[in-house]
Amino acid sequence: MANQSRRDFLKQAALVGTAVTGLSTKSKAAPKNSLSEDRMGVLVDTTVCIGCRKCEWACKTAHNLETPPLESYEDRSVFENRRRPDSKALTVVNEYQKNESEKIPINVKVQCMHCDHPACVSACIVGAFSKQENGSVIWDGDRCIGCRYCMVACPFQVPAFEFEKALKPDIKKCDFCFARTKDGQIPACTEICPVEAITYGRREDLVKAAHEKIKNYPHRYINRVFGESEVGGTSWLYLSSKEFEELEFPKLGKDPAPGVSEAIQHGIFAYFVPPVALYALLGGVMWINKNKKNDQETEI
Ligand code: SF4
Ligand code: SF4
Ligand code: SF4
């Protein structure tokens with residue numbers, strides 16, 4: 001009986017999906033999600049980063065966010081608390097101790113990972129997020145309706161909502177400096193890093209370079225490149241001397257995060273369907289259900 005109901009539901013959902021698609025071929029608004037072989041990425045070498053936080057400063061400056069003077073970033077007391085990117089800081093650097101006896105810190109820069117199969121893109125019902133050909137995952141404020149599904153969907157808990165703004169709050173996250181990179185410039189954080197701990201380049205080349213480093217310096221790195229395959233791969237990749245989970249990276253599988261919700265949302269919500277058409281379709285489903293019930297009652 002339960003199976004029968006599920007089959008019926010899927011049949012009806014397929015009918016609705018087909019009808020919705022047919023009705024909306026002219027107003028299709030599905031998000032762009034192209035994966036180019038030449039998409040760019042960043043390789044973060046956490047064994048090289050010195051925690052100077054100049055990348056934080058450069059990021060804020062490039063995005064016209066309120067930016068304290070560069071000298072103030074020398075204050076290392078910020079490392080006493082664990083920080084996350086938020087609406088006022090699109091990237092932050094955290095510090096971890098290598099081990100109890102050795103007081104050498106490991107610094108980890110955190111920002112959007114620019115996933116190859118971004119959950120934020122899949123979750124957004126109006127196509128406000130898109131994966132660009134150069135690898136950037138960007139957000140379009142003109143499309144966003146503020147539902148915040150992206151925040152719930154992101155496996156790295158990155159998108160931040162401007163709760164402090166009463167009028168027209170934005171979703172904030174690292175945009176991979178799309179305004180710069182689309183014109184051939186490199187991201188502001190990679191440009192300022194004084195020790196080349198963050199390298200911008202073709203993702204494919206960075207993956208090779210990362211494995212080369214691991215092969216040449218097996219005592220320096222663990223044998224893993226975070227982001228190479230996690231959630232289907234990300235544009236930002238990390239090297240480390242310590243297990244990533246110990247540096248508070250989320251434990252994720254290789255499958256893209258969007259999962260089953262993607263098909264449903266893209267099939268129904270990513271098209272601008274006039275509400276009256278949607279109600280008509282839902283009415284149709286109810287009519288099918290009612291008739292089915294009547295038929296069953298007649299059989300009895
Ligand atoms: S890290 Fe989150 S916000 Fe960034 S692309 Fe991936 S799912 Fe989207
Ligand atoms: S790529 Fe641009 S937006 Fe992203 S962390 Fe670096 S400076 Fe900030
Ligand atoms: S600028 Fe470079 S060295 Fe300094 S904190 Fe950022 S990634 Fe690390």
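When a ligand or atom number is given, it counts from 1 through the structure's own listing order.
The part of Val195 lying near ligand 3 is the side chain, judged by heavy-atom distances below 4.0 Å.
For atom 4 (Fe) of ligand 3, the closest non-hydrogen atom of the protein is Cys52 SG, 2.3 Å. Remark: minimum distance from atom 5 (S) of ligand 2 to any protein heavy atom is reached at Lys109 NZ, 3.4 Å. Ranking the protein heavy atoms by distance from atom 2 (Fe) of ligand 3 puts Cys193 SG, 2.3 Å first. Of the protein's non-hydrogen atoms, the one nearest atom 6 (Fe) of ligand 3 is Cys55 SG, 2.4 Å.
Each of the atoms 3 (S) of ligand 1 lies under 4.0 Å from some heavy atom of Pro159. Residue Cys49 approaches ligand 3 through these ligand atoms, each under 4.0 Å from one of its heavy atoms: 3 (S), 5 (S), 7 (S), 8 (Fe). Here is the list of ligand 3 atoms found below 4.0 Å of a heavy atom in Arg53: 4 (Fe), 5 (S). Listed by atom number, the atoms of ligand 1 under 4.0 Å from Lys173 heavy atoms are 3 (S).
Neighbours of atom 2 (Fe) of ligand 2 restricted to protein N, O or S atoms under 2.8 Å: the count is 1.
For atom 6 (Fe) of ligand 1, protein N/O/S neighbours under 2.8 Å (waters excluded) are Cys115 SG.
Remark: Phe79 pairs with no residue by the ring-ring contact (aromatic ring centres under 6.0 Å, His included) rule, at least two apart or across chains. Remark: Lys54 engages no residue in a salt bridge (Lys or Arg N to Asp or Glu O under 4.0 Å) (not counting sequence neighbours).
A salt bridge does not link Arg84 with Glu248: none of the charged nitrogens is closer than 4.0 Å to a carboxylate oxygen. Contact check on Glu164 versus Lys172 returns no salt bridge, with no Lys/Arg side-chain nitrogen under 4.0 Å from an Asp/Glu carboxylate oxygen.
Ring-centre distance between Tyr238 and Phe244: not below the 6.0 Å cut-off. Aromatic pair Phe163/Phe161: centroids less than 6.0 angstrom apart.
Side-chain N/O atoms of Ser77 and Asp75 include a donor and acceptor closer than 3.5 Å.
The shortest heavy-atom distance from Asn107 to ligand 3 is not under 4.0 Å.
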